[in-house]
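Model, not experiment: these values are computed from the prediction. Below, read A as the first sequence line, B as the second, and so on, with proteins coming before strands; counting in each chain starts at 1.
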Amino acid sequence: MNTNFYEQVYEIVRLIPKGRVTSYGAIAKSLGAAKSSRMVGYAMRFAGMAHPKVPAHRVVNSSGLLTGKFHFETPEMMEDLLAKENVKVKDDKIVNFKTVFWNPMEEITE
DNA sequence: ATCATGACCATCC
DNA sequence: AGGATGGCCATGA
């Protein structure tokens, strides 16, 4: 791959602390490409095959919905992983999303 | 350059 | 509430 764009995405996703989640849009924005939110999600398709594997389960859409759960090995894996991180998932969406939301901007701080 | 494909987002109905 | 539409943009053929 070597695509710089994906690397940036992975870099941020890997920085997500345990028990926290973020949104595709937020990541895109921190990359300076707010409109490229789709690309973030697109990049996540390679998350499972990326070399340090990225915690894609900590990335949800702007509503805290587990949109990409079906892209995991098993659809149940995502919420299961989140549950282990102390993140409650109800009806495919993050409970207390605003509370567990992690802002990438705070870690980028360029 | 053009077309098709999205793990998105906002808006409209 | 839930479906449809358009926009946006990187990637690969």
Side-chain angles (χ1 to χ4, degrees):
Chain A
M1 296 291 287
N2 286 6
T3 43
N4 194 40
F5 192 90
Y6 291 166
E7 273 192 21
Q8 293 176 83
V9 177
Y10 298 145
E11 201 173 326
I12 295 180
V13 177
R14 283 196 282 251
L15 289 176
I16 303 176
K18 175 182 157 198
R20 293 301 194 80
V21 298
T22 193
S23 64
Y24 303 98
I27 293 172
K29 216 168 191 191
S30 20
L31 295 179
K35 313 299 179 70
S36 306
S37 48
R38 306 177 75 163
M39 310 294 83
V40 178
Y42 203 76
M44 301 312 296
R45 296 172 66 243
F46 304 96
M49 63 176 267
H51 253 251
K53 203 173 131 189
V54 300
H57 60 276
R58 295 183 187 147
V59 188
V60 294
N61 75 349
S62 60
S63 307
L65 195 68
L66 311 188
T67 48
K69 59 184 286 186
F70 296 110
H71 287 260
F72 284 82
E73 299 177 37
T74 63
E76 52 206 61
M77 188 172 109
M78 189 171 186
E79 41 186 292
D80 187 54
L81 286 169
L82 287 170
K84 291 182 181 188
E85 303 274 304
N86 215 22
V87 178
K88 319 259 190 203
V89 177
K90 170 143 198 163
D91 197 31
D92 292 355
K93 58 184 185 201
I94 308 285
V95 181
N96 302 329
F97 179 55
K98 302 187 342 188
T99 309
V100 298
F101 181 78
W102 175 81
N103 191 341
M105 290 296 215
E106 297 178 3
E107 289 294 325
I108 306 260
T109 63
E110 263 194 276

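At the heavy-atom level, A/Tyr24 lies under 4.0 Å from base atoms of the strands shown. Contacts of A/Ala56 with the nucleic acid, taken as non-hydrogen atoms under 4.0 Å apart, include base atoms. Among the protein residues, A/Phe70 comes within range of no part of the nucleic acid, since none of its heavy atoms lies under 4.0 Å from any strand.
The listed nucleotides are B/dA7, B/dC9, C/dT11; the one nearest the side chain of A/Arg45 is B/dA7. Nearest to the side-chain atoms of A/Met44 among the listed nucleotides C/dT11, C/dC9, B/dA7 stands B/dA7. Side-chain atoms of A/Lys35 lie closest to C/dC8 of the nucleotides B/dC8, C/dC8, C/dT11.
B/dA7 atom C1' lies 15 Å from atom CG of A/Leu81, rounded to whole Å. One interatomic measurement links the two molecules: CG of A/Leu66 to P of B/dC8, which rounds to 11 Å at whole-angstrom precision. One interatomic measurement links the two molecules: CG of A/Leu31 to P of C/dA10, which rounds to 11 Å at whole-angstrom precision. Atoms CD (A/Glu73) and P (B/dA7) sit 17 Å apart, rounded to a whole Å. Between A/Lys93 atom NZ and C/dA1 atom P there is a gap of 8 Å when expressed in whole angstrom units. Between A/Tyr42 atom OH and C/dC9 atom C1' there is a gap of 12 Å when expressed in whole angstrom units. Distance CD (A/Gln8) to P (C/dC9): 16 Å, rounded to an integer number of Å. As a whole-Å value, the separation of A/Asn61 CG from C/dC8 P is 20 Å.
A/Phe97 is linked by a ring pair (Phe, Tyr, Trp, His ring centres under 6.0 Å) to A/Phe101, counting only residues two or more places apart in sequence or in another chain. With sequence neighbours excluded, the residues forming a side-chain contact (heavy atoms from CB on, under 4.5 Å) with A/Lys69 are A/Leu66, A/Pro75, A/Met78, A/Glu79, A/Asp92, listed by chain and number.
Below 30°, between 30° and 60°, or above 60°: for A/Tyr10 and A/Tyr6 the angle between ring planes is between 30° and 60°, a tilted geometry.
When the side-chain nitrogen and oxygen atoms of A/Ser37 are compared with OP1 and OP2 of C/dC9, none of them lie within a distance under 4.0 Å. For the pair A/Ser62 and B/dC9, the criterion of a side-chain N or O lying under 4.0 Å from OP1 or OP2 is met.
The base of C/dC8 sits within donor-acceptor range of the side chain of A/Arg38, with an N or O pair under 3.5 Å.
Panel note: side chain A/Arg58, backbone A/Ile16; a donor-acceptor pair is recorded below 3.5 Å.
A/Ala56 and A/Val13 get closest at one heavy-atom pair: N-CG1, 4.4 Å.
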